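Report on the structure given below.
Computation of the quantities below employed the complete heavy-atom set of this structure, encompassing side-chain atoms and omitting hydrogens, waters and symmetry-equivalent molecules. This is a predicted model, so every value here is computed, not measured.
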Amino acid sequence: MKKYLLEVCVDSVESACIAAANGADRLELCSNLVIGGTTPTLALFEEIRKKCNCLINVLIRPRFGDFCYSDWEYEVIKREIRQFVKAGADGIVIGFLKPDGNLDCDRMEEGISLARGKHVTLHRAFDVCRDPYQALEQAAQLGVNTILTSGQEKDCMAGLSCLKALALAAGDRIAIMAGSGVSPDNMKTLHEEAGIRHFHMSGKKTLASRMEYRRENVPMGIPAFSEFEIWQTDGEKVARGADILKGFLQES
């Protein structure tokens with residue numbers, strides 16, 4: 001387990017290249033970051049793989065919403081795991097829950113098997129499970145490498161006390177990676193107060209569309225979001241985060 005790690009969540013070639021150039025140790029590649037991320041296309045992965053030398057873990061999530069998947073959705077998930085492992089992904093990011101809120105260990109076990117020894121992250125399905133400490137123990141026994149979590153709260157700072165308890169319970173068996181709201185401004189607090197050493201951030205900024213002609217009030221998806229704004233990784237935020245981790249290394 002790497003002592004300190006900065007993972008940046010990206011959903012475009014541009015964001016991936018910016019994150020890699022500014023010190024990201026690993027990318028979590030997805031599509032549709034605006035809705036929490038869904039499975040990216042193989043073409044997107046292959047283009048980023050050509051341009052970036054850092055580790056790339058791929059999110060496998062067929063849709064927005066809960067993590068209790070139908071049999072048909074699960075068949076798609078299994079095919080996508082095989083597809084990205086074959087294409088050279090360094091890891092997969094998965095999560096399955098049962099209707100009662102407990103971790104679906106059977107599906108997690110099969111997903112891990114299909115990953116063929118690649119890194120496996122249990123994503124924030126963990127944050128809406130019934131019992132995070134039971135799920136942690138189950139994940140560790142199954143061989144999950146990392147749990148991405150906000151401490152079962154809306155963001156990592158609200159979940160700080162839970163993150164601390166999880167990090168203590170996990171020890172060196174499994175990495176607890178803080179996510180949701182991680183920034184260079186709170187990484188030191190997460191480290192010093194909760195013992196977090198792995199950090200997941202998008203570090204995004206909002207760019208104006210290059211469109212000059214704009215027909216407003218015609219939403220293509222979620223009405224609350226403008227069609228003329230683009231999210232992209234902010235290289236300065238990633239670089240600041242990477243520098244903070246270097247400082248942790250020097251102090252340890």
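- For the pair V182 and M187, the minimum side-chain heavy-atom distance is below 4.5 Å.
- Atom CD of residue Q83 and atom OG1 of residue T39 lie 9.5 Å apart, to the nearest 0.5 angstrom.
- Residues L190 and L160 form a side-chain contact, since some pair of their non-hydrogen atoms from C-beta on lies under 4.5 Å apart.
- Between K204 and D11 no salt bridge is recorded (no basic side-chain N to carboxylate O distance below 4.0 Å).
- No continuous path of hydrophobic side-chain contacts links V13 to L33 [ILVMFWY only; heavy atoms under 4.5 Å].
- By the 30° and 60° cut-offs, the orientation of the rings of F248 relative to Y4 is tilted.
- No donor-acceptor pair under 3.5 Å is formed between the side chain of R79 and the backbone N or O of Y74.
- Around atom CD of E109, no more than 12 heavy atoms belonging to other residues, nucleotides or ligands sit under 6.0 Å away.
- Judged by distance alone, the side chain of R116 and the main-chain N or O of S113 form no donor-acceptor pair under 3.5 Å.
- For the pair N22 (side chain) and A19 (backbone), a donor-acceptor distance under 3.5 Å is absent.
- Shown here for R26 and T146, the closest heavy-atom pair between the two residues is NH2-OG1, 4.4 Å.
- Between H123 and F67, the ring-plane angle classifies as tilted under the 30° and 60° cut-offs.
- Salt-bridge check for R107 with D71: passed, with a basic side-chain N closer than 4.0 Å to an acidic carboxylate O.
- K51 and E46 are not joined by a salt bridge, as no carboxylate oxygen comes within less than 4.0 angstrom of a charged side-chain nitrogen.
- Counting only distance, with no hydrogens or angles, the side chain of Q134 and the backbone of L103 share no donor-acceptor pair below 3.5 Å.
- Put simply, the side chain of R61 gets close to the backbone of R63: a donor and an acceptor are under 3.5 Å apart.
- No side-chain heavy atom of I176 sits less than 4.5 Å from a side-chain heavy atom of H198.
- The closest donor-acceptor contact from the side chain of N102 to the backbone of K98 lies at 3.5 Å or more, if one exists at all.
- A salt bridge is absent between K237 and D185: the closest approach of a Lys/Arg side-chain nitrogen to an acidic carboxylate oxygen does not fall below 4.0 angstrom.
- Looking at E110 and K78, a side-chain N of the basic residue comes within less than 4.0 Å of a carboxylate O on the acidic one, giving a salt bridge.
- Hydrophobic clustering keeps L148 apart from L142 (ILVMFWY residues linked when any side-chain heavy atoms are closer than 4.5 Å, directly or through intermediates).
- Side-chain atoms of D127 come within 3.5 Å of backbone N or O of S150 as a donor-acceptor pair.
- Although no hydrogens or angles enter the test, the distance criterion places no donor-acceptor pair under 3.5 Å between the side chain of T233 and the main chain of G235.
- Annotation: R214, atom CZ; neighbour count of heavy atoms from other residues, nucleotides and ligands within 6.0 Å is above 12.
- Comment: E47 engages K50 in a salt bridge, judged by a side-chain N to carboxylate O separation of less than 4.0 angstrom.
- Pairing each heavy atom of L163 with each of A178, the nearest pair is CD1-CB, 4.2 Å.
- Put simply, V93 and L122 are part of two different groups of oily side chains (I, L, V, M, F, W, Y) that touch within less than 4.5 Å, one to the next.
- Hydrophobic clustering of Ile, Leu, Val, Met, Phe, Trp and Tyr side chains at less than 4.5 Å, counting indirect connections, unites V85 with F45.
- Each of M201 and L59 belongs to its own hydrophobic cluster when Ile, Leu, Val, Met, Phe, Trp and Tyr are linked at side-chain heavy-atom distances under 4.5 angstrom.
- Under a cut-off of 6.0 angstrom, the local environment of CG in D100 is crowded, with over 12 non-hydrogen atoms contributed by other residues, nucleotides or ligands.
- F199 is not listed as a side-chain neighbour of C156, based on a closest heavy-atom distance of 4.5 Å or more.
- Judged by distance alone, with hydrogens and angles left aside, the side-chain atoms of R240 form no donor-acceptor pair with the main-chain N or O of D243 at under 3.5 Å.
- The two residues L27 and C54 come nearest to each other via the heavy atoms CG-SG, 3.6 Å.
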*Between E137 and R173, is a salt bridge (charged side-chain N to carboxylate O under 4.0 Å, His left out) present by the stated rule, with each step listed?*
CA-CA 10 Å; E137 294 302 323; R173 296 178 299 156; 2.9 Å; yes
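- D131 places a side-chain N or O within 3.5 Å of a backbone atom of Y133 that can act as its donor or acceptor partner.
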